[in-house]
Engineer: 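Take this structure, written in structure tokens, and hold onto it; I'll ask about it next.
So that the names make sense, note that chain A is the first sequence line, chain B the second, and so on, each numbered from 1.
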Protein chains: 2
Amino acid sequence: MPTPRTLRTRARILDAALDLFERQGYSATTVNQIADAAGVTPMTFFRHFPTKDAVLVTDPYDPLIADAVGAQPADLPPLERVRLGLLSALGDITPTEDATARRRVALVAQSPSLRAAVSVGTEATQEAIVERLVADGVDRLDAAIAASACLAATTAALLAWGSAPGDITLAHLVRRALAQLAPAGATS
Amino acid sequence: MPTPRTLRTRARILDAALDLFERQGYSATTVNQIADAAGVTPMTFFRHFPTKDAVLVTDPYDPLIADAVGAQPADLPPLERVRLGLLSALGDITPTEDATARRRVALVAQSPSLRAAVSVGTEATQEAIVERLVADGVDRLDAAIAASACLAATTAALLAWGSAPGDITLAHLVRRALAQLAPAGATS
DNA sequence: GCTTGAAATGTTAGTCACTAACAATCGTGC
DNA sequence: GCACGATTGTTAGTGACTAACATTTCAAGC
């Protein structure tokens, strides 16, 4: 349970960072600049965000995803289980689909090092999916292949959403991405 | 055309780095240690390798891959074109399948920051594939989804190869990875 | 053998992300 | 007003990387 003061400081840092990133680019702005703009010491920045990229990339690991994968029929091939699981976990609800989220995604899509941070953050989700499938007797490599392919497609949709027209919903792009991985002729 | 002296120095740095990485781990060994062990200045290290991770992660971009994708029948869905293209480019030839390559892959598989470097390196290949498909009239997002999914599966196979039994060939694992993305019931 | 000239390396000094240890301050409960 | 914990500041340092300039190596020509 974070203190109100903590939340205020964190919000100030986040605002200052987003502003500077959009004005001069991610790699061109230093943590010192962000701290200055937020009226804070660089040290305080790192107390609220473990790394510079954590301002934009929050680890999206959600145990619900692994659960949703595990809930799919066990007799399906691994890829199809992961695909349907992701679809049921992400294809519907769209958590924080506000303008700020979109600004962040757009920034991430522009920087190679930020995209790398996203792929690191996704590894936790992949790992959780793999463990779930392995527990059901699926070969570990097959599980890793299925999970990484589906998550890569989902990430591609997420990054595209950052610069997509405003009326296009993230859930729509995710469904479109996963539809491409469907067995030939499938309609769902 | 690199000078013989350049090649010798580069090889010394590479040997020293591999040795230290395997003995004390990647993140625990500094560039200074590598330079010392190679009888060289840290500055010289960076003249031969742009970054610390470049010792292990060489950008595998090969224009042949994009060509192979473009050579597949244009009436196939994007995912299938990319899949068959990768299969024809990687499923057969196995360039440098020596013990050193395997040691490097095994090291990469252990470090999150190195895996991130791999994913950055793969982006060039993905970009090339996407451009090829877009030139054929494929939607850019569909192309990105297909390319990233196939490359993620291939990368999963590559990382698994690093710790696989010695008699398992990389080409075999790649074929297995891409087979999982095949339309239901396909045999090739 | 000696010189010349370019390629390769060394030197120095710096920036930036990030960390550890300890001191100062803020704010809430009493 | 006072104590106490949570938050922030200070200082000093490490490690990856860069830029500018000086120095060394080494092969080719005389």
Engineer: Can you tell me the distance, in whole Å, between the CG atom of A:Leu114 and the P atom of C:dA17?
Structural biologist: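 Distance, rounded to whole Å: 12 Å.
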
Engineer: Output the rounded distance in Å from CG (A:Leu7) to C1' (D:dT8).
Structural biologist: 16 Å

Engineer: Out of C:dC18, D:dC17, D:dG9, which has the shortest distance to the side chain of A:Phe46?
Structural biologist: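 The answer is C:dC18, which lies nearest to the side chain.
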
Engineer: Tabulate protein N/O versus nucleotide N/O from nucleotides 11-16 of chain C, keeping only pairs under 3.5 Å, one per line.
Structural biologist:
none

Engineer: Without decimals, in angstroms, what is the distance between A:Arg10 CZ and D:dA6 C1'?
Structural biologist: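 Rounding to the nearest Å, CZ of A:Arg10 and C1' of D:dA6 are 17 Å apart.
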
Engineer: Can you find a side chain N or O atom of B:Thr9 that sits less than 4.0 Å from OP1 or OP2 on C:dT9?
Structural biologist: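 Yes, within the criterion.
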
Engineer: In Å, rounded to the nearest 0.5 Å, how long is the span from CD of B:Glu131 to CZ of B:Arg140?
Structural biologist: 4.5 Å

Engineer: Can you check whether B:Ala164's main-chain N or O pairs, donor with acceptor, with B:Arg102's side chain at less than 3.5 Å?
Structural biologist: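 Between the backbone of B:Ala164 and the side chain of B:Arg102 there is a qualifying donor-acceptor contact (under 3.5 Å).
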
Engineer: Hydrophobic side-chain clustering at under 4.5 Å (ILVMFWY, transitive links): who's grouped with B:Val134? Put none if nobody.
Structural biologist: B:Val130

Engineer: Looking at A:His48, does any N or O in its side chain come under 4.0 Å of the phosphate oxygens OP1/OP2 on D:dT8?
Structural biologist: yes

Engineer: In Å and rounded to the nearest 0.5 Å, what is the CG to CZ distance from B:Leu18 to B:Arg103?
Structural biologist: 5.0 Å

Engineer: Can you name the side chain to side chain donor-acceptor pair (under 3.5 Å) partners of B:Arg8, sequence neighbours left out?
Structural biologist: none

Engineer: Rounded to whole angstrom units, what separation is found between the CZ atom of A:Phe45 and the P atom of D:dG9?
Structural biologist: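 It is 14 Å, rounded to the nearest whole Å.
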
Engineer: Walk me through whether A:Asp67 and A:Arg132 qualify under side-chain contact (heavy atoms from CB on, under 4.5 Å).
Structural biologist: CA-CA 8 Å; A:Asp67 286 347; A:Arg132 189 56 133 269; 2.5 Å; yes

Engineer: How does protein contact run along nucleotides 24-30 of chain C, one letter per nucleotide 5' to 3', with B for base contact, S for sugar-phosphate only, - for none, heavy atoms under 4.0 Å?
Structural biologist: ---S---

Engineer: Provide, to the nearest angstrom, the distance between the CD1 atom belonging to A:Ile13 and the P atom belonging to C:dC18.
Structural biologist: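 Taking atom P of C:dC18 as the reference, CD1 of A:Ile13 is at 14 Å.
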
Engineer: Taking all atoms of both residues into account, what is the closest heavy-atom pair of B:Leu141 and A:Ala157, and its distance?
Structural biologist: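 For B:Leu141 versus A:Ala157, the nearest heavy atoms are CD1-CA, 4.3 Å.
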
Engineer: Using atom types as modelled, flag every donor-acceptor pair under 3.5 Å from a side chain in residues 27-35 of chain B to any protein atom, sequence neighbours excluded.
Structural biologist:
{"from": "B:Thr30", "atom 1": "OG1", "to": "B:Asn32", "atom 2": "N", "distance (Å)": "3.4"}
{"from": "B:Thr30", "atom 1": "OG1", "to": "B:Gln33", "atom 2": "N", "distance (Å)": "3.1"}
{"from": "B:Gln33", "atom 1": "OE1", "to": "B:Thr30", "atom 2": "N", "distance (Å)": "3.3"}

Engineer: What is the separation between atom CZ on A:Phe49 and atom P on C:dT19, rounded to the nearest whole Å?
Structural biologist: 15 Å

Engineer: Under 4.0 Å from OP1 or OP2 of C:dA8: is there any side-chain N or O of B:Thr6 that close?
Structural biologist: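 For C:dA8, OP1 or OP2 has a side-chain N or O of B:Thr6 closer than 4.0 Å.
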
Engineer: Quick one: side-chain contact (heavy atoms from CB on, under 4.5 Å) partners of A:Ser111, sequence neighbours excluded?
Structural biologist: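 With sequence neighbours excluded, A:Ser111 shows a side-chain contact (heavy atoms from CB on, under 4.5 Å) to A:Tyr26, A:Ser113, A:Leu114, given in chain and number order.
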
